Chemist: 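One structure, as structure tokens, below. Some questions next.
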2 protein chains.
Amino acid sequence: MAWDTEGTRRRLKEAATVEFAQYGPDGTTMTRIAERAGINKERLYKYFGDKESLFESVLRDELEKLAAAVTPPADGLKDIGEFAGRTFDYHAAHPELARLLLWEGLAGGPPADEANRTEHYRRKVRAFAAAQRDGALTDDLDPAYLAFLVIGLAAWWHAAPQLTRMLSGLDPDDPDERTRRRAFVVRAAERLALPYREA
Amino acid sequence: MAWDTEGTRRRLKEAATVEFAQYGPDGTTMTRIAERAGINKERLYKYFGDKESLFESVLRDELEKLAAAVTPPADGLKDIGEFAGRTFDYHAAHPELARLLLWEGLAGGPPADEANRTEHYRRKVRAFAAAQRDGALTDDLDPAYLAFLVIGLAAWWHAAPQLTRMLSGLDPDDPDERTRRRAFVVRAAERLALPYREA
DNA sequence: GGTAACTACAACGTTGCCGTTGGATTAGAG
DNA sequence: CTCTAATCCAACGGCAACGTTGTAGTTACC
């Protein structure tokens, strides 16, 4: 069988993603990551260094995937509901990302890949501000906070799964429930961000 | 000096609250809790059992404090903006609670004190539904989701502190920044939940 | 004064994880 | 075939955490 170092690397990182998302940086063990990947633990250290570096590497990858999958709408955010809906879809399909972000936030250290991410968010804020100037979005709210909140609309469900269960009593994995949540996210984003319409 | 078993208990729990909020259930050590409280570790086990029980006890207490401090408005939620604002104030003044809730959510086990909390939330949802029937709130949105989102409005800042820093570049502890955030929360809640007004 | 409860202190056994190492296998490249 | 590089395997040292225990001192209460 041929050497497949890229495959080895990929399998390790996939396993690390699952484990980190599930158990967090503290609760995850390097041994279990290696076992899940079916690869010797020693490979982890050769490829990724220590646990912290591995976590950052995992998070960076997942953020890149999100950015690639959920492109901002070309029409200047006037369809902000759908944009929020698509962000929600991504998080629903990839719940690991939200969890990784929450672990990172709770850990409290400096964010991984901070420079790139900051630039990415600043671009988003500028797009929101531009849409406000065009009248596509309400100028009643600060664009940075608005962008922050739209992200929250999509991710908050994963941040407090206990609350959703206690509040609604419904299974988050039920397809109907997911559809309802998505519709809510879309409408909430519209109510928040669109200029008031005539009643 | 007189025995002060209640004081000992309280000091231990306060120390545990700080440590758990900061480092999470995994990152917290019983030894450090005892050191912070200035009380021998062995007392922890006599009073609270193992680490998991202590965490649940801490969380239960903090939730009770929130419920006692932020009472639902008597006027049937037509002033939902202020209600959201007061919830925000509480979380801003007691950031431990949000962090404890996030740790709990990420851990994934069954929520501490589930029965009481479920009942508490169900009451909230009924209040929202009643306000919708009265026309004080829009009936465009599911009351459970709406309640969930209003909580999120107040807590999301603490869930993703990296994002707020990268998006706005501002210090969350700056008083002016806090005032702005509060105003945003109030307006966002109103835009979300109040019936459309004539433009 | 004697007894029971509370507390302090220190050390313990056990367990588990991190990150490393040395050597044995396996596969490709010249 | 030989040399190099990737992988596996097993074990290691070091450390820190959990939860317990035994002993000694302190306070309340009868």
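Please read these numbers as outputs of a predicted model, since none were measured by experiment. Numbers restart at 1 for each chain; the letters A, B, ... are given by sequence-line order, proteins then strands.
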Chemist: Using only modelled atom types and a 3.5 angstrom limit, is any donor from either the side chain of B:Lys41 or the base of D:dG19 paired with an acceptor on the other?
Modeler: yes
Chemist: Determine the sole option in B:Asp142, B:Leu192, B:Leu141 for which the side chain to side chain contact (heavy atoms under 4.5 Å, CB included) test with B:Leu149 is passed.
Modeler: B:Leu192
Chemist: Atom CE of A:Met30 and atom C1' of C:dT20: how far apart are they, to the nearest Å?
Modeler: 12 Å
Chemist: Write down the distance between CD (B:Glu42) and P (D:dT21), rounded to a whole number of angstrom.
Modeler: 11 Å
Chemist: Can you confirm whether or not the ring centre of B:Phe148 sits under 6.0 Å from the ring centre of A:Trp157?
Modeler: yes
Chemist: Nearest-Å distance, CD1 (B:Ile39) to P (C:dT7)?
Modeler: 8 Å
Chemist: Stepwise, does the side chain to side chain donor-acceptor pair (under 3.5 Å) test hold for B:Asp50 with B:Ser53?
Modeler: CA-CA 6 Å; B:Asp50 61 8; B:Ser53 306; 2.8 Å; yes
Chemist: Could you give the OH-to-P distance, from A:Tyr45 to D:dT7, as a whole number of Å?
Modeler: 17 Å
Chemist: Looking at every strand, decide which applies to A:Tyr47 at a 4.0 Å heavy-atom threshold: base, sugar-phosphate, or nothing.
Modeler: sugar-phosphate
Chemist: Return no unless some side-chain N or O of A:Thr8 is found under 4.0 Å from OP1 or OP2 of D:dT7.
Modeler: yes
Chemist: Tell me which of A:Lys46 and A:Arg32 sits closer to the 5' end of DNA chain C, going by the nucleotide each one is nearest to.
Modeler: A:Arg32
Chemist: B:Tyr23 has an atom OH; how far is it from atom P of D:dA16, in whole Å?
Modeler: 15 Å
Chemist: Using whole Å, report how far CZ of A:Arg43 lies from P of C:dC18.
Modeler: 18 Å
Chemist: In this structure, how many angstroms lie between the P atom of D:dA17 and the CG atom of B:Asp50, rounded?
Modeler: 17 Å
Chemist: For A:Trp103 and B:Trp103, take the angle between the two ring planes, folded into 0 to 90°, and tell me which bin it lands in: parallel under 30, tilted 30 to 60, perpendicular over 60.
Modeler: tilted
Chemist: Mind checking if B:Leu44 touches a base, just sugar-phosphate, or nothing, with heavy atoms under 4.0 Å?
Modeler: nothing
Chemist: May I have the distance from B:Leu12 (atom CG) to C:dA8 (atom C1'), rounded to whole angstrom?
Modeler: 13 Å
